Asks: 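Shown below is the structure under consideration.
Owing to the predicted nature of the structure, the values given are computational and were not obtained by experimental measurement. Each chain gets a letter, A, B and so on, in the order the sequences are listed, and its residues count up from 1.
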Amino acid sequence: MSNNDRARPFADIDSDDTPAPAPARPSLAEEFKPQTRSRPAITSQQVDRLAAAHGFRSQKPIYRDRQINIKATPDEVDRIRALAYEHRLTLGQLLSEALDAWEERKAREA
Amino acid sequence: MPIIVLVSPKGGVGKTTSSLVLATSIAHQGASVTLIDADPNRPIKAWSEDRNRPLISVISDVDEDSIQDRIDEAATKTAFVIVDLEGTAGKIALLAVAAADLVIIPMQASQLDAAQAGKALRVVRQQERMSGRRVPHTILWTRTSPAIRSRTRAALADDLRGINVPMLSVELCEREAFRAMFAYRSTLYEMDGQVSNVERARDNALALTDEVLSLIRQQAQEARP
């Protein structure tokens, strides 16, 4: 085409050739279907570790109905009682906090 | 059967509203959805009572022990599963995230929300490292003004971009129609003159749903060998 030939944008407006429609997307119900899933790739121990490390607490009610006897030094007993008193925790809650902290430290070290 | 989990350890960020908006908009387009209401206050259960919506199932009796089984079970029955979690740092959130195909972290443009969203982001990313599985996640800005973009919002968005956290471009704006869904136990698509500007809320909801679906399609494509 020479420079003098102007493009004719309306040349084929009466043409019967309709452009092919874009391929239709399937409906959402066709595209996504119920399906059996495989188990997640993270173990419950890993979830527990993550929960302890980031303070994501279990919401399950905790029944502290077991007893253990522990031999401890007078100093350790004083520390435990002082911490429980200071933070308004029961000895069972304090033990749980101590276990979480210990596991978190071990996880960091690993 | 995409599983979408909405998580933030903070309450009031718009998790339940966003869950309901997504679920009802997906159902409006003809796909079945299970909404798992893991909030002990059961707001979605209350919303669904006495209403028969064939494409929307609501499950509310879930706890840490049962959530993963309930998610798996729901995925065999409906095309989508959406999990709405309580706004606390609970272990149940980590279990739901472990099963998620997409984690959405709703967040208002405030420092307080950002701190809690950061907590959610950290556990999602740590789960990725632990499991070796990519956990697709994104921030959803909620309760934003359709007209004004605050400086805090811009600064927080810059921070998130700086650490490569994806953000949905569609925001869930503050609209009366979203609140009215709970007041009238209705969907945006069932409302008829009860609230003003419901069309805008519908447009907002459908745009958000489109973007979430695009993200899911894109991830499914990337996951294909």
Asks: Looking at every non-hydrogen atom in both residues, tell me the closest pair between A/V47 and B/L95 and how far apart they are.
Replies: CG1-CD2, 3.8 Å
Asks: Please classify the contact between A/E31 and chain B as side chain, backbone, both or neither, with a heavy-atom cut-off of under 4.5 Å.
Replies: side chain
Asks: Do you know which of B/G90, B/G30, B/A75, B/P9 has the most heavy-atom pairs with chain A at a distance under 4.5 angstrom?
Replies: B/G90
Asks: Would the number of heavy atoms belonging to other residues, nucleotides or ligands and lying under 6.0 Å from CG of B/D65 be above 12?
Replies: yes
Asks: Given that the side chain runs from C-beta out, which part of A/S27 has a heavy atom under 4.5 Å from chain B: side chain, backbone, both or neither?
Replies: neither
Asks: Between B/P40 and chain A, which part of the residue has a heavy atom less than 4.5 Å away: side chain, backbone, both or neither?
Replies: neither
Asks: Should we count CZ of A/R81 as having more than 12 external heavy atoms under 6.0 Å?
Replies: no
Asks: Return the CG to CZ distance between B/L94 and A/R49, rounded to the nearest 0.5 Å.
Replies: 13.0 Å
Asks: Indicate the atoms forming the closest heavy-atom contact of A/A29 with B/A31, along with that distance.
Replies: N-CB, 4.1 Å
Asks: Starting at CZ of A/F32, measure out to CD1 of B/I216 and round the result to the nearest 0.5 Å.
Replies: 5.5 Å
Asks: Indicate whether the side chain of A/Q46 and that of B/S131 have a donor and an acceptor atom separated by less than 3.5 Å.
Replies: no
Asks: Provide the closest heavy-atom pair for A/H54 versus B/K119 in the form atom of the first, atom of the second, distance.
Replies: O-CE, 3.4 Å
Asks: With a 4.5 angstrom heavy-atom cut-off, is it the side chain or the backbone of B/E73 that approaches chain A, or both, or neither?
Replies: neither
Asks: Tell me whether the count of non-hydrogen atoms from other residues, nucleotides or ligands lying under 6.0 Å of CD in A/E109 goes above 12.
Replies: yes
Asks: Per the salt bridge (Lys or Arg N to Asp or Glu O under 4.0 Å) rule, what does the pair list look like for residues 90-117 of chain B, sequence neighbours excluded?
Replies: A/R37-B/D101, A/D48-B/K91, B/K10-B/D113
Asks: Which region of B/Q127, side chain (C-beta onward) or backbone (N, CA, C, O), has a non-hydrogen atom less than 4.5 Å from a non-hydrogen atom of chain A, or is it both or neither?
Replies: both
Asks: Check the surroundings of atom CZ in A/R64: do more than 12 heavy atoms from other residues, nucleotides or ligands lie under 6.0 Å from it?
Replies: yes
Asks: So which atom in A/L50 and which in B/V123 form the shortest heavy-atom distance, rounded to 0.1 Å?
Replies: CD2-O, 3.9 Å
Asks: Does A/N69 CG have over 12 foreign heavy atoms under 6.0 Å away?
Replies: no
Asks: Step through the shown structure and confirm whether more than 12 heavy atoms of other residues, nucleotides or ligands are within 6.0 Å of CZ on B/R200.
Replies: no
Asks: Rounded to the nearest 0.5 Å, how far does CD1 of A/I42 lie from CD of B/E128?
Replies: 10.5 Å
